[in-house]
Amino acid sequence: MKYFTKSKSAIWLLLISFFISAPFSSNASIPANAVSHEDLMRQYIRDIRTLQDQVFYLSEIVLRDSAADTPTITNGISLINIRIDELTKSISDYLTIVPSISSENRDVLLVFNALNFIKNSLYQLSLLENTASSVDRALLLEDFYLFRRVGTETLTLLENLIARE
């Protein structure tokens, strides 16, 4: 049984590593006039949805609550956080070149908000990993799903705004 648990943890670690190592676009290095704003926003949305999926896969491991999964969880949180930071920098760089009062600025800020909600859901997972109280775990899980839902709704709103323009 221990072998099965170890191999299952190894499979999850491999799966998370694969998703996390999936390339994100390097939007920060693309000149603003080389890619349309809408295409760039769609790419950011795809990247954030990928991160959402990674955080959700990681939540499944956290909810199993197995001590054998601790290294997988810790590594997963760290790697996802690095990807979030990379995307945050890219979005921040793009924000500096869009007009302050514009639909482009609105779109970038919405992308930024969605990414922050994903980071907050990741933070809730990190707290959940180290919490033993069932009441505290339930509250952290509630917050995790709230951040996930609001992040998803923000991305959906942005997609609808882009489609209307």
Side-chain angles (χ1 to χ4, degrees), residues 9-63 69-100 102-131 139-159 161-162:
S9 293
I11 290 170
W12 274 108
L13 181 59
L14 184 63
L15 182 62
I16 288 174
S17 297
F18 171 75
F19 280 119
I20 292 172
S21 65
F24 281 108
S25 63
S26 180
N27 296 326
S29 63
I30 298 173
N33 58 0
V35 174
S36 75
H37 170 76
E38 290 79 14
D39 289 342
L40 190 55
M41 289 299 100
R42 286 185 188 98
Q43 184 59 52
Y44 282 141
I45 291 167
R46 280 191 299 274
D47 291 348
I48 292 170
R49 288 198 191 279
T50 299
L51 285 168
Q52 269 187 322
D53 290 344
Q54 293 168 358
V55 171
F56 188 72
Y57 291 134
L58 191 59
S59 74
E60 292 176 353
I61 298 171
V62 170
L63 292 175
D69 293 331
T70 300
T72 302
I73 296 165
T74 303
N75 290 337
I77 289 171
S78 178
L79 291 172
I80 292 170
N81 190 52
I82 289 168
R83 299 303 282 194
I84 290 172
D85 289 345
E86 291 170 353
L87 195 52
T88 298
K89 176 158 180 12
S90 177
I91 295 168
S92 295
D93 290 347
Y94 184 58
L95 182 61
T96 64
I97 64 169
V98 298
S100 179
S102 66
S103 61
E104 291 87 359
N105 186 273
R106 174 204 62 206
D107 296 348
V108 175
L109 291 175
L110 285 171
V111 163
F112 221 156
N113 287 342
L115 187 59
N116 284 328
F117 287 125
I118 301 310
K119 186 157 187 162
N120 281 311
S121 68
L122 183 66
Y123 175 66
Q124 295 306 112
L125 275 186
S126 71
L127 294 176
L128 188 63
E129 175 193 12
N130 300 311
T131 302
L139 292 171
L140 289 169
L141 198 56
E142 180 181 353
D143 292 342
F144 168 79
Y145 284 114
L146 173 67
F147 287 128
R148 179 175 168 77
R149 182 180 55 81
V150 175
T152 300
E153 289 172 356
T154 302
L155 292 175
T156 301
L157 168 65
L158 178 56
E159 287 172 326
L161 290 169
I162 291 170

Seminar exercise, completed: Per side-chain contact (heavy atoms from CB on, under 4.5 Å), L125 is matched among I73, L140, V55 by V55

Problem set entry | Residue pair G151 / A114: nearest heavy atoms and the distance that separates them | O-CB, 4.0 Å

Exercise. Given side chains that start at C-beta, do those of K119 and L51 come closer than 4.5 Å, heavy atoms only?
Worked result: no

For this session: Applying side-chain hydrogen bond (donor to acceptor under 3.5 Å, both in side chains), name anything that partners T152, two or more places apart in sequence or on another chain.
Result: Q52

Problem set entry | Sole residue of L40, L109, V111 in side-chain contact (heavy atoms from CB on, under 4.5 Å) with I91 | V111

For this session: State which residue, out of L158, T154, L115, fulfils the side-chain contact (heavy atoms from CB on, under 4.5 Å) condition with I48.
Result: L115

Exercise. Looking at side-chain heavy atoms only, is the closest gap between L127 and Q124 below 4.5 Å?
Worked result: yes

Exercise. Just by distance, with hydrogens left out, do S102 and N105 show a side-chain donor and acceptor under 3.5 Å apart?
Worked result: no

Exercise. Which heavy-atom pair separates L58 from G76 by the least distance, and what is that distance?
Worked result: CD2-C, 3.8 Å

Exercise. What's the spacing between E159 CD and R42 CZ if we round to 0.5 Å?
Worked result: 9.0 Å

Exercise. How many angstroms lie between atom CD1 of I118 and atom CG of N113, to the nearest 0.5 angstrom?
Worked result: 11.5 Å

Exercise. If you measure from CD1 on I80 to OG1 on T50, what distance do you get to the nearest 0.5 Å?
Worked result: 11.0 Å

Exercise. Below 4.0 angstrom, N of the basic side chain to O of the carboxylate: do D93 and K89 qualify?
Worked result: yes

For this session: Scan residues 139-155 for pairs that pass salt bridge (charged side-chain N to carboxylate O under 4.0 Å, His left out), counting only residues two or more places apart or in two chains.
Result: R149-E153

Exercise. Has the side chain of N120 got a donor or acceptor atom that lies under 3.5 Å from a matching backbone atom of N116?
Worked result: yes

Problem set entry | Closest contact, heavy atoms only, H37 versus V108 | CE1-CG2, 4.2 Å

Exercise. When you check the side-chain N and O atoms of D47 and Q43, is any donor under 3.5 Å from an acceptor?
Worked result: yes

Problem set entry | E129 to T74 - nearest heavy-atom pair and separation | OE2-OG1, 3.6 Å

Problem set entry | Within-4.5 Å side-chain heavy-atom neighbours: Y123 and I77 | no

For this session: Can you measure from CG (L79) to CD1 (I84) and round to the nearest 0.5 angstrom?
Result: 11.5 Å

Exercise. Taking all atoms of both residues into account, what is the closest heavy-atom pair of Y44 and S90, and its distance?
Worked result: OH-OG, 3.0 Å

Exercise. Is the backbone N or O of F56 less than 3.5 Å from a side-chain atom of S59, with the two atoms forming a donor-acceptor pair by type?
Worked result: yes

Exercise. What do the steps show when you test D107 against E38 for side chain to side chain contact (heavy atoms under 4.5 Å, CB included), and what is the final call?
Worked result: CA-CA 9 Å; D107 296 348; E38 290 79 14; 6.0 Å; no

